[in-house]
Amino acid sequence: MTVLVLAEHDLGRLSAATARIVAAAEKLGPVDLLVAGEGVSAIAAEAAQLAGVEKVLVADSPALASLAPEAVATLLARLAEPYEHIIAAAASTGRDSIPRLAAKLDLMPITDVVAIHGPTRFDRPIYAGNAIETVSSGQAKHLLTIRASAFRPTVLGNSAPIHPVNADVATVAKFIAAHRTESDLPELSTAQIVVAGGVSFGSAENFALVADLAHVLGAAVGATRAAVDAGYAPNDWQVGQTGKIIAPDLYIAIGISGALQHLAGIQGAKKIVAINKDPEAPLMKLADIALVGDLFEVVPQLIAGLKR
Amino acid sequence: MKILVAVKRVVDHAVRVRVRPDGSGVETENVRMSMNPFDKHAVEAAVQLAEAGHATEIVVVSIGQKQSNDVILTALAMGAHRGLLIEADGRVETLAVAKLLEAVVAEEKPDLVLLGKQAVDDDSNQVGQMLAGLLDWPQATFASEIKVLGQGLEVTREVDYGRATVAVPLPAIVTADLRLNTPRNAALPMVMKARSKPLAVRPAADFGVDLTPRLKLEKVSPPPERTAGRRLATTAELVAAINSELAELEAL
Ligand SMILES: Cc1cc2nc3c(=O)[nH]c(=O)nc-3n(C[C@H](O)[C@H](O)[C@H](O)COP(=O)(O)OP(=O)(O)OC[C@H]3O[C@@H](n4cnc5c(N)ncnc54)[C@H](O)[C@@H]3O)c2cc1C
């Protein structure tokens, strides 16, 4: 059976998450990839190159410009009939619209899937990742959100056909404004290297040290909730249970205690480096490489050393 | 306006849960329970709307075992006016929760339903969106700011790229994120007063919703363990260690 996947995109580009969701969905069947938005033909062309995609469906309409959940759920409900699986990334759009769609179709959704054991069996973390539940579903359709970080991306080299679909949707909600964090660093949720800082940096100015180190390494920047709450970092840098879930090859945590809600976001990290003045901090006890020290001494030295 | 707030009793967020050896779930005996943190922000938002003169009545509802009384009392102490406990034993899936809430909305006719964006036990992040879908109401999830504007709300939401502001007409569903506000700790007189506020208890069966789970919970397992690695003594060693990691990544 063909699988319907909702493509993630932003600022006119297909998001890196999409290639990962397609790779995950491919385990379930050939993929129809839906690109919804306004003026998305370039994105659709990118989507058509992903291996595993049978066809690209394009819903292009001003009413889809902000991907309001009412509009996306209406669109997906109209397309749902022939599909046994409908999948989106566990990111803002998917989290917002998949459960809404599920209720409309009288289905139980399965969200934040991290492993697929077959067409009806899935793993998802609970309790901030302190347990993994395996669920199976006997429902007629399976509506999933998938954590992109748990899957490797599919490759390019396809040229799937592109079909426009009826994009006639309406929403009573009005989009007012986007407040974006401008940054020339890699996207946090799919970055290979992430440097993250905690509230111990003490100010937004000091937190810039994290970005400085990230620049040297070509890494993305992450932050703890405490650092975001204090106003040192924007909310979209938060890593953890209520922030982004990441699985970089290298995670460098600076002045981060390792609260369980933070650890929830980095369980998939391959190597963890921790720098903390407290040798007993929970993160120091599970890091692959740990250095006890004051971040205000260590980080500038580290930047200088790595530049060499 | 009239506000309905949904709250859930969960294992306290500071407790590190243990998976039961038989894989049937996590150990919830003798662990501290409290109101889901996100729901506290939802209650606080409702109380602030009432204090600002925008809301006239706040009804708080919880679905669960008898003990969920606790979290309703907490919400009443924070300033909600009236409570409803829908008693249900066992696993109640989010779809059934949304349907029960839909039935409560039909009875109470609120203009706004506030919920936490997710519960920290099953981390589903589903109920608000599902209730909005069932009612065909607009939704503003992951809210970090709520403003009343004319006949509707202007809500700022935390999203992947930063924040997004949307305007929704009422009735609407809003789910709370952690930066929405700072929930108050109710002072003792408020806690005492809460006990005299109306709190209805009704069995889930009253609402005519099928509670049979749709999903089969096959097993619950612990996550892979991480163990401590190397301790370095100097920043120079750390520079070397990171350089060798980078070299390894490049080789791939
Ligand atoms: C419902 C809920 C959801 C949450 N979601 C998240 C989430 O998604 N992400 C998240 O991160 N948190 C989340 N939290 C918060 C979490 O519980 C912690 O409070 C937070 O992660 C702590 O951040 P921190 O490590 O920056 O601060 P702290 O815990 O205060 O740790 C600071 C650390 O810095 C070290 N330090 C201090 N000074 C220096 C120095 N000069 N040099 C070196 N080290 C130093 C200290 O030894 C300490 O280990 C959530 C909490 C709740 C209740």
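First the proteins, then the strands, lettered A, B, ... as listed; each starts at 1. Atom set for the values below is all heavy atoms of this structure, side chains included, hydrogens, waters and symmetry mates excluded.
Note that the CZ atom of B:R214 and the OG atom of A:S137 stand 9.0 Å from one another [nearest 0.5 Å]. One finds the CG atom of B:D160 at 9.5 Å from the CG atom of A:L188 (value rounded to the nearest 0.5 Å). If you take CG on A:D123 and OG on B:S221, they are separated by 6.5 Å, rounding to the nearest 0.5 Å. Here the CG atom belonging to B:L217 is positioned 8.0 Å from the OG1 atom belonging to A:T134, to the nearest 0.5 angstrom. Atom NZ of B:K216 sits about 8.5 Å away from atom CZ of A:R121, to the nearest 0.5 Å. Going from atom CG of A:L217 over to atom CD1 of B:I242 covers 6.5 Å, rounded to the nearest 0.5 Å.
For B:A233, the part lying near chain A is the backbone, with the side chain staying farther off; criterion is any non-hydrogen pair under 4.5 Å. In this structure, chain A has no heavy atom under 4.5 Å from any part of B:E237. For A:K244, the part lying near chain B is the side chain, with the backbone staying farther off; criterion is any non-hydrogen pair under 4.5 Å. Heavy atoms closer than 4.5 Å to chain B are found in the side chain of A:Q261, but not in its backbone. Proximity to chain A (any heavy atom under 4.5 Å) is shown, for B:A98, by neither the backbone nor the side chain. Interface remark: A:L101 contributes no atoms to any contact with chain B (heavy atom separation under 4.5 Å). Residue contact with chain A, scored on non-hydrogen atoms closer than 4.5 Å, is absent for B:R18. For B:A14, the part lying near chain A is the backbone, with the side chain staying farther off; criterion is any non-hydrogen pair under 4.5 Å. Heavy atoms closer than 4.5 Å to chain A are found in the side chain of B:V26, but not in its backbone. With a 4.5 Å cut-off on non-hydrogen atoms, A:E8 touches chain B through its side chain but not through its backbone. With a 4.5 angstrom heavy-atom cutoff, A:A71 does not touch chain B via any of its atoms. Contact annotation for A:E70: only side-chain heavy atoms (C-beta onward) come within less than 4.5 Å of a heavy atom of chain B. Residue B:L153: no heavy atom, backbone or side chain, is found under 4.5 Å from chain A. Both the backbone and the side chain of B:S124 have a heavy atom closer than 4.5 Å to some heavy atom of chain A. For B:E102, no part sits under 4.5 Å from any heavy atom of chain A, backbone or side chain. With a threshold of 4.5 angstrom between heavy atoms, B:V10 does not approach chain A through any atom at all. Within the 4.5 angstrom heavy-atom criterion, atoms from both the backbone and the side chain of B:V159 approach chain A. For a residue to count as touching a neighbouring chain, one of its non-hydrogen atoms must lie under 4.5 Å from one of that chain's; by this rule B:T234 touches chain A with the backbone only. No part of A:I98 comes within reach of chain B, as not one of its non-hydrogen atoms sits under 4.5 angstrom from that chain.
The side-chain heavy atoms of A:K174 and B:V166, taken from C-beta on, include no pair separated by under 4.5 Å. Under the 4.5 Å side-chain criterion, counting only non-hydrogen atoms from C-beta, B:E225 is not in contact with A:L286. Using a 4.5 Å heavy-atom threshold, the side chains of A:V292 and B:L232 count as separate. Looking at heavy atoms from C-beta onward, B:V120 lies in side-chain contact with A:Q241 at the 4.5 angstrom threshold. Considering only heavy atoms from C-beta on, A:D10 comes within 4.5 Å of B:Y161 through its side chain.
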TODO: Could you walk me through whether B:R163 and A:D236 pass the salt bridge (charged side-chain N to carboxylate O under 4.0 Å, His left out) test, one step at a time?
DONE: CA-CA 8 Å; B:R163 288 168 301 127; A:D236 50 311; over 6 Å; no

TODO: Take A:T111 and B:Q126 through the test side chain to side chain donor-acceptor pair (under 3.5 Å) and record every step on the way to the result.
DONE: CA-CA 8 Å; A:T111 49; B:Q126 297 168 354; 2.8 Å; yes

- [ ] Report the C-alpha separation of B:E245 and A:K271 in whole Å, then their side-chain angles, then the decisive distance to 0.1 Å, and conclude whether the salt bridge (charged side-chain N to carboxylate O under 4.0 Å, His left out) test is met.
- [x] CA-CA 9 Å; B:E245 292 298 329; A:K271 282 259 167 77; 3.2 Å; yes

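The residue among A:A73, A:A264, A:A287, A:P109 with the most heavy atom pairs within less than 4.5 Å of chain B is A:P109. Looking only at heavy-atom pairs under 4.5 Å with chain A, the residue among B:G162, B:G229, B:G133, B:A241 that has the most is B:G162. Considering only heavy-atom pairs separated by less than 4.5 Å from chain B, the leading option among A:R180, A:K285, A:R95, A:Q139 is A:R180. When B:P222, B:P223, B:G25, B:G128 are compared by the number of non-hydrogen pairs under 4.5 Å with chain A, B:P223 comes out ahead. The greatest number of non-hydrogen atom pairs below 4.5 Å with chain B, out of A:A178, A:G293, A:A177, is found for A:A177. Among B:E154, B:R157, B:R16, the residue with the largest count of heavy-atom pairs under 4.5 Å with chain A is B:R16. Taking A:S136, A:A173, A:G305 one by one and counting their heavy-atom pairs under 4.5 Å with chain B, the maximum is reached by A:S136. Of the listed residues (B:V155, B:V127, B:D177, B:L238), the greatest number of heavy-atom pairs within a distance under 4.5 Å of chain A belongs to B:L238. Of all the listed residues (A:I252, A:L263, A:V228), the one sharing the greatest number of non-hydrogen pairs under 4.5 Å with chain B is A:V228. Chosen from B:L246, B:V220, B:T175, the residue pairing most often with chain A at heavy-atom distances under 4.5 Å is B:V220. Contact tally against chain B (heavy-atom pairs below 4.5 Å) for A:T181, A:V298, A:I289: the top residue is A:I289.
Nearest heavy atoms, B:D123 versus A:D112: O-OD2, 4.2 Å. The minimum heavy-atom distance linking A:V172 with B:P169 is given by the pair O-CD, 3.5 Å. Taking all atoms of both residues into account, the shortest heavy-atom contact from B:Q118 to A:T242 is OE1-CG2, 4.2 Å. When all heavy atoms are compared, the tightest approach of A:P279 to B:R231 is O-NH2, 3.1 Å. Contact between A:H179 and B:T156 at its shortest, heavy atoms only, is CD2-CG2, 4.5 Å. Nearest heavy-atom pair, B:D121 versus A:I126, reported as atom, atom and distance to 0.1 Å: O-CB, 3.5 Å.
Looking only at atom types and distance, the side chain of B:Q139 has a donor-acceptor partner in the side chain of A:D96 under 3.5 Å away. For B:Q129 and A:S97, the side-chain atoms include no donor-acceptor pair closer than 3.5 Å. When only modelled atom types and interatomic distance are considered, B:T235 and A:Q301 share a side-chain donor-acceptor pair under 3.5 Å.
Within a 6.0 Å radius of CG in B:N243, other residues, nucleotides and ligands contribute more than 12 heavy atoms.
A salt bridge links B:D136 with A:K104: the distance from a Lys NZ or Arg NE/NH1/NH2 to an Asp or Glu carboxylate oxygen falls below 4.0 Å. Using a 4.0 Å cut-off between charged nitrogen and carboxylate oxygen, B:R179 and A:D229 count as a salt-bridge pair. Ion pairing between A:D106 and B:K99 holds under the 4.0 Å rule for side-chain N and carboxylate O.
Between the side chain of A:R124 and the backbone N or O of B:D122 there is at least one donor-acceptor pair closer than 3.5 Å.
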